[in-house]
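Worksheet: the structure to be examined is printed underneath.
Numbering of ligands and ligand atoms starts at 1, following listing order.
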Amino acid sequence: MKKPGSTSQEDDKPRGPEKATDEKPGVSNFIRDIIDEDLGNNKNGGRIHTRFPPEPNGYLHIGHAKSMFVNFGIAEDYNGLYNLRFDDTNPVKEDTEYVDSIMEDIRWLGFNWEDRLFYASDYFDQLYEWALKLIKDGKAYVDDLSADQIREYRGTLTEPGRESPYRNRPVEENLDLFQRMKAGEFPDGSRVLRAKIDMAAGNLNMRDPVMYRVLHATHHRTSDKWCIYPMYDWAHGQSDSIEGITHSLCSLEFEDHRPLYDWYLEQLGVFHPQQIEFARLNINYTVMSKRKLRVLVEEGHVDAWDDPRMPTLSGMRRRGYLPQSIRSFLDKVGVAKRESVVDIALLEHCVREDLNIAAPRVMAVLKPLRVVIENYPEGQVEELTAINNPEDESMGVRRIPFSREIYIEHDDFREDPPKKFFRLSPGREVRLKHAYFIKCERVIKDDKTGEVLELRCTYDPQTKSGEAHDGRKVKGTLHWVSCDHAVPAEVRIYNNLFTVESPDDCEDFRQCINPQSLEILSGCQVEPNLKNVKAGERFQFLRHGYFCVDSKDFSSERPVFNRTVSLRDTWAKIEKAEKKGGK
Ligand code: ATP
Ligand code: MG
């Protein structure tokens with residue numbers, strides 16, 4: 001990873017340390033305090049205009065969602081405007097696939113940039129003109145040092161840098177060379193344009209940063225028009241200025257770059273947006289850098305950018321997260337200056353809270369065990385009534401067929417039950433959800449392996465209401481599906497992608513990938529109401545968790561369900577324990 005402030009010619013984009021926070025946006029935070037004060041002073045005539053500036057070199061992750069909630073959220077709350085701007089200054093890594101995915105993800109989150117879609121590449125002409133101005137003002141020069149030499153001359157935090165032997169070229173020569181750089185006369189990496197600031201500055205970003213590099217590369221928008229490209233730091237502040245951005249809200253790694261942005265704007269004498277930095281969002285058990293996410297995709301550790309294990313917005317969508325859950329999560333996390341790491345359990349808690357209301361309950365058997373109910377008439381089918389969501393009666397009821405042969409969960413039977421196992425075992429009676437009591441009479445096993453193949457049970461016809469007439473109690477309630485009616489399905493269970501809380505601290509983050517992050521259950525049987533599900537539909541599988549129909553590997557014959565989140569809410573547990581401890 002490149003250090004912030006690098007003057008290398010490849011990519012000057014600040015890369016942040018990755019850590020987030022505790023104040024509530026919407027309620028109040030330090031950014032809103034600054035904006036309130038600006039409004040009080042009628043700064044910018046009371047105008048609030050923000051932007052979100054993704055680089056189209058990967059898919060958006062939930063950290064980007066935080067930046068959008070800060071930038072767009074504040075603009076919305078203050079009746080301001082917000083822009084979407086692609087910071088497309090690095091043609092080598094950028095692609096329209098990323099542009100498209102970014103727009104789709106932003107729309108999914110519910111934001112609308114209306115007609116305010118911009119590209120830094122729209123400003124290449126203006127930026128070039130401004131570079132000419134700085135050269136004419138004696139504030140920029142063409143340097144022939146190589147990238148390595150520039151790095152070497154740059155000095156360190158404790159040592160001042162050295163001036164390049166080309167630093168004092170006459171203006172005319174600089175103008176001539178820069179125009180020839182643009183005209184394509186020089187090979188890649190042979191020359192750069194640098195700002196002439198101060199090689200002894202304490203802030204390394206101020207030690208004559210590179211503004212332009214020669215790069216003969218085709219750009220996804222400007223095609224082959226340019227063979228010099230502006231560095232991110234030269235493009236960013238001026239792009240904000242051109243768009244009349246009043247508050248440029250970005251993550252902390254840009255703090256050390258602010259003096260440079262300020263310097264450029266002052267030299268050019270143009271509109272000066274105010275940059276305010278906040279802490280990045282970090283979540284445990286995952287990585288949040290596009291560079292690392294790209295490695296996961298390119299090396300095949302995951303199936304694509306939208307693999308449901310990825311912290312990308314497209315991954316979360318495919319996994320079944322609702323956009324409002326991401327919003328409520330970010331609300332809970334808040335905005336602050338202090339770096340921290342948020343527990344993934346909080347995000348899952350928010351997802352569960354919304355799905356609990358939104359998702360109808362259904363029965364799905366993930367590891368089926370056949371049960372024959374010997375005293376149930378052969379060929380008989382009963383339609384039983386089941387409520388769709390006890391949290392919301394308006395979601396109504398559905399009918400579920402019951403017959404002589406059903407599947408129950410293999411794990412719901414134990415031949416030799418341990419203490420506190422209240423499910424089925426020989427001689428024991430349990431309740432079938434929405435149906436009857438059944439009692440296990442016999443176990444049929446494979447002669448050779450001893451494996452349990454089937455159970456022979458009896459049912460009590462008097463227990464249809466879910467209770468016994470004589471008042472006898474059963475402790476377990478199992479879900480089930482009728483063998484003849486069930487729909488075969490595949491279920492994918494996702495776990496954390498990494499085995500450690502902080503994969504960024506691993507020597508090689510790839511070595512901390514969880515080999516059990518995906519478990520595929522191919523022989524599942526789900527209730528017949530799931531026969532015609534649509535991609536993206538969400539359900540609660542009783543006792544298993546929340547599931548979403550996969551949108552990529554879609555088949556109506558044999559649907560694939562992604563587990564969105566299990567039912568076990570570890571966050572609620574943590575909160576409960578904290579409350580207890582606090583008393
Ligand atoms: P990464 O560091 O993951 O490679 P990036 O910062 O290079 O991402 P950009 O496309 O430049 O990606 O991001 C656009 C904006 O999103 C940046 O201005 C940055 O401030 C913000 N951002 C990126 N990651 C986070 C995060 N984890 N939390 C909050 N904001 C973020
Ligand atoms: Mg960044």
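- Residue-ligand proximity: Met68 is placed with every non-hydrogen atom at 4.0 Å or more from ligand 1.
- At a 3.5 angstrom cut-off on N or O pairs, Ala279 does not count as close to ligand 1.
- Taking the six-membered ring for Trp and thresholds of 30 and 60 degrees, Phe509 and Phe498 have ring planes inclined between 30 and 60 degrees apart.
- Residue-to-ligand polar distances place Arg280 within reach of ligand 1: an N/O pair is separated by less than 3.5 Å.
- Across the listed options Ser67, Gly63, Pro311, Ser67 owns the non-hydrogen atom lying nearest to atom 21 (C) of ligand 1.
- Here is the list of ligand 1 atoms found below 4.0 Å of a heavy atom in Phe52: 14 (C), 15 (C), 16 (O).
- Side-chain contact check for Tyr141 and Asp208: at least one donor-acceptor pair (N or O, by modelled atom type) lies under 3.5 Å.
- Under 3.5 Å, the side chains of Tyr232 and Glu55 contain no donor-acceptor pair of N or O atoms.
- For ligand 1, the polar-atom distance check finds an N/O of His64 within less than 3.5 Å of one of the ligand's N/O atoms.
- Ring planes of Tyr261 and His257: tilted class, angle from 30 to 60°.
- Between Asp303 and Val297, the closest side-chain pair of non-hydrogen atoms is not below 4.5 Å.
- The contact set between ligand 1 and Ser289, taken as ligand atoms under 4.0 Å from a residue heavy atom, comprises 3 (O).
- Taking only non-hydrogen atoms, the option from Lys290, Glu55, Arg291 nearest to atom 8 (O) of ligand 1 is Lys290.
- Taking distance alone, with nitrogen or oxygen atoms compared against 3.5 Å, Cys250 stays at or beyond that limit from ligand 1.
- Note: Leu81 CG to His49 NE2 = 5.0 Å, rounded to the nearest 0.5 Å.
- In the vicinity of Pro54, heavy-atom distances shorter than 4.0 Å reach the ligand 1 atoms 10 (O), 14 (C).
- When side chains are defined from C-beta on, Ile283 counts as touching Phe329, because their heavy atoms get closer than 4.5 Å.
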